[in-house]
Amino acid sequence: MTGSHRAATTTRRGTGGAARDRRSGRTRIRIVLAAAVSLLVLVTAGAGWAYLRLNGNIDTFGADGISDHRPAAASDGQNVLVIGSDARTAGNSELGGGDKNDIGRSDTAFLLHVYADHRHAVAVSIPRDTLLTIPPCKLPDGSWTETRHQAMFNEAYTVGRTAEGNPACTQNTVENLTGLRVDHTVVVDFKGFSALTEVVGGVEVCVPQDIYQKDLNPGRATRGKRLFTQGVQTVSGQKALDYVRIRHGIGDGSDIGRIQRQQAFVGSLIKKVKSDGLTPTKLLPLADAATTSMTVDPGLGSADKLVSFAMSLKDIDLNDTRFVTVPWRYEGARVAIVEPDAGALWAALKADRTLDGQDAGGGSDADGKDTDASKDADASKSADASKSADEEAPAEDISVTVRNGTRVTGLAARAAAVLEASGVTVTGTATASSQDHRTTVIEYGPGREAEARTLVRLLGTGELRSTTGGGLDVVLGQSYADQAPGTSSGADSATASPAPSEVPAEVAEGARTADEDLCAALSYG
């Protein structure tokens with residue numbers, strides 16, 4: 001009995017111990033789960049705090065200064081205007097910005113075109129001394145300026161003469177120049193640029209020769225200290241800023257040469273960021289540094305939008321990130337845009353053609369196969385569509401009115417001659433209601449899209465726009481004038497301009513990639 005009792009007792013104790021062990025195990029699990037949940041809450045709260053911090057950093061400029069007359073938006077690609085400002089406020093004067101009471105200026109600008117496939121990108125630099133047309137821009141008192149012709153590009157940013165500058169006016173000017181819709185505009189000043197280079201741990205650059213203080217400031221009486229030693233080196237902060245601002249003492253001392261070094265710098269910066277990893281964890285510190293001195297359009301005016309945009313660039317290979325300068329030539333001390341080369345470049349970007357002629361419109365993957373997105377788009381087309389997107393109508397079946405939307409005398413008559421030589425019936429020519437059209441537009445009524453597509457091919461340029469009326473009209477823009485087709489018959493002419501999606505060879509060959517040799521092509525002259 002005693003032994004049996006002991007055995008029974010022992011068994012009960014063993015069962016109770018197992019139960020306690022199970023309870024203890026469940027308790028440990030609950031503790032681990034609670035700790036995990038707490039950690040998740042802390043991480044989430046930290047991310048939320050970071051986003052709130054970034055949102056507090058970001059300044060936006062008013063959308064009311066953006067023109068009402070804008071190019072049509074691209075379907076999938078994006079155009080982002082990046083402006084380097086030497087604003088004299090908020091500590092920038094200490095980094096070389098000058099008198100804090102001076103007006104904001106912009107000496108650096110490029111248009112970044114992200115192709116629809118999100119695997120290619122090209123940045124087109126526009127020299128500050130480029131002579132072009134500055135369209136009407138809004139002044140601080142709410143009034144609008146008159147159009148200015150043969151003005152320097154960087155004067156657009158100073159319209160209104162405010163300390164913060166006028167990014168909306170620069171955006172209007174770029175849209176007027178290119179015929180491309182600028183989806184977003186980003187302004188980075190000295191302070192933001194300096195902080196950004198420090199956060200990434202410095203950027204590798206190549207200096208073609210020893211650089212002294214006098215090269216940065218030609219007004220100095222003496223050569224001063226040596227700022228850079230010839231060769232490859234890593235720079236950040238003030239030194240990085242000095243590198244991208246140096247103009248004199250290298251090559252011909254021109255802004256064109258400085259642009260080439262700036263392009264090399266941006267390529268090296270992109271390479272460094274991508275090598276560190278393009279993740280939200282890495283991007284948040286970068287965004288924190290950049291946004292402290294960044295002004296953006298309202299469409300990018302929040303942290304999640306900025307980070308989302310940055311993440312959309314992660315699949316672009318360094319070799320597919322290219323830099324070019326708008327085709328140019330010297331005109332005295334200024335820079336003139338070379339046509340039709342520049343027009344061909346803008347047309348290629350609009351058609352999502354890369355500099356070497358590839359179709360980067362997003363309809364195919366790298367192997368040329370249809371992507372899921374393109375298949376879904378095809379499947380969503382209406383089953384009873386009467387015409388395919390690529391169908392054209394015979395030229396002999398088309399009757400159209402041609403209107404001149406530019407100040408180029410006789411342009412409508414020249415276009416009419418080209419169309420009539422191809423068999424189109426031109427019912428009349430006239431002057432459009434306004435003469436500041438950058439892009440040629442073909443307006444077509446129901447059932448006439450195929451005819452409109454034929455006109456685009458015959459003219460070599462044009463944007464389709466459907467209307468509720470039954471007519472067919474061509475409104476000629478500067479894009480047609482830039483091609484200077486005269487009375488030639490388009491592609492059959494020996495002197496015809498390049499096709500609208502074909503970049504001239506000298507432009508394509510002059511491009512540099514983000515992984516180019518750091519010491520290659522650093523100066524002009």
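Numbering starts at 1 and runs along the sequence shown. Note that the structure is predicted; figures quoted are calculated from it, not measured.
Interatomic distance, CG of D117 versus CG of D352, reported as 7.5 Å (0.5 Å rounding). Atoms OG1 and NZ, on T439 and K350 in that order, are 4.5 Å from each other to the nearest 0.5 Å. In this structure, CG in L313 is found 8.0 Å from NZ in K274, a value given to the nearest 0.5 Å. Taken from CZ in F265 to CD1 in I270, the straight-line distance is 11.0 Å, to the nearest 0.5 Å. Here the straight-line distance linking atom CD1 of I398 with atom CG of L458 works out to 6.5 Å at 0.5 Å rounding. Q263 contributes atom CD, which lies 13.0 Å from atom CZ of R258 (distance to the nearest 0.5 angstrom).
Panel note: side chain Q150, backbone L131; no donor-acceptor pair is recorded below 3.5 Å. A donor-acceptor contact shorter than 3.5 Å is absent between the side chain of R181 and the backbone of A72. Under the 3.5 Å distance criterion, the side-chain polar atoms of R438 are matched with a main-chain donor or acceptor of L177. A donor-acceptor pair under 3.5 Å links the side-chain atoms of R261 to the main chain of G257, judged by distance alone. A side-chain donor-acceptor contact under 3.5 Å links T467 to the backbone of Y444. No side-chain donor-acceptor contact under 3.5 Å links K138 to the backbone of I66. Judged by distance alone, the side chain of R161 and the main-chain N or O of T158 form no donor-acceptor pair under 3.5 Å. Judged by distance alone, the side chain of N172 and the main-chain N or O of S67 form a donor-acceptor pair under 3.5 Å. Side chain of E175 to backbone of V182: a donor-acceptor contact under 3.5 angstrom is found. The main-chain N or O of T440 is found under 3.5 Å from a side-chain atom of S479 such that the two form a donor-acceptor pair.
Atom CD of E146 has 12 or fewer heavy atoms from other residues, nucleotides or ligands within 6.0 Å.
Using a 4.5 Å cut-off on side-chain heavy atoms (C-beta onward), T325 and S125 make contact. Residues V159 and L139 have side chains in contact (heavy-atom distance under 4.5 Å, counting atoms from C-beta outward). The closest side-chain heavy-atom distance from N79 to L81 is not below 4.5 Å. Side-chain contact between D341 and E506 is present, with heavy atoms from C-beta onward closer than 4.5 Å. At least one side-chain heavy atom of L196 sits less than 4.5 Å from a side-chain heavy atom of L269. Using a 4.5 Å heavy-atom threshold, the side chains of Q478 and V408 count as touching. In this structure, the side chains of T429 and N404 stay at 4.5 Å or more apart for every pair of heavy atoms. Looking at F153 and V174, their side chains come closer than 4.5 Å, going by heavy atoms from C-beta outward.
Each of T147, T173, N176 was scored for a side-chain contact (heavy atoms from CB on, under 4.5 Å) with I134, with one residue passing: T173.
Under the 30°/60° scheme for interplanar angles, the aromatic rings of Y115 and H120 are found to stand perpendicular.
Closest of all the heavy-atom pairs between D515 and T513 is OD1-OG1, 2.6 Å. The nearest pair of heavy atoms linking T185 to P167 is CG2-CB, 4.4 Å. Looking at every heavy atom in both residues, T130 comes nearest to P127 through OG1-O, 2.8 Å. Scanning all heavy atoms of the two residues, the minimum distance from I337 to A342 falls at CG2-CB, 3.4 Å. When all heavy atoms of V503 and A348 are compared, the closest pair comes out as CG2-CB, 3.5 Å. Across every non-hydrogen atom of S254 and Y330, the tightest pair is CB-OH, 3.2 Å.
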For side-chain contact (heavy atoms from CB on, under 4.5 Å), just list the numbers for D255 and R247, CA-CA rounded to whole Å, side-chain angles, deciding distance to a tenth of an Å, and then say yes or no.
CA-CA 6 Å; D255 189 47; R247 175 173 178 176; 4.1 Å; yes

If you apply the rule side-chain contact (heavy atoms from CB on, under 4.5 Å), what do you find for V244 with F193, and how did you get there?
CA-CA 10 Å; V244 297; F193 176 86; 3.9 Å; yes

Derivation and outcome, side-chain contact (heavy atoms from CB on, under 4.5 Å), residues I259 and W328
CA-CA 13 Å; I259 284 174; W328 65 279; over 6 Å; no

Start with the C-alpha gap between I442 and E463, add the side-chain angles, then the distance that decides, and say whether side-chain contact (heavy atoms from CB on, under 4.5 Å) holds.
CA-CA 6 Å; I442 291 86; E463 172 186 303; over 6 Å; no

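At a threshold of 4.0 Å, the pair R448-E451 counts as salt-bridged, since one of the basic side-chain nitrogens sits closer than that to a carboxylate oxygen. Using a cut-off of 4.0 Å between Lys/Arg side-chain N and Asp/Glu carboxylate O, R403 and D473 are scored as salt-bridged.
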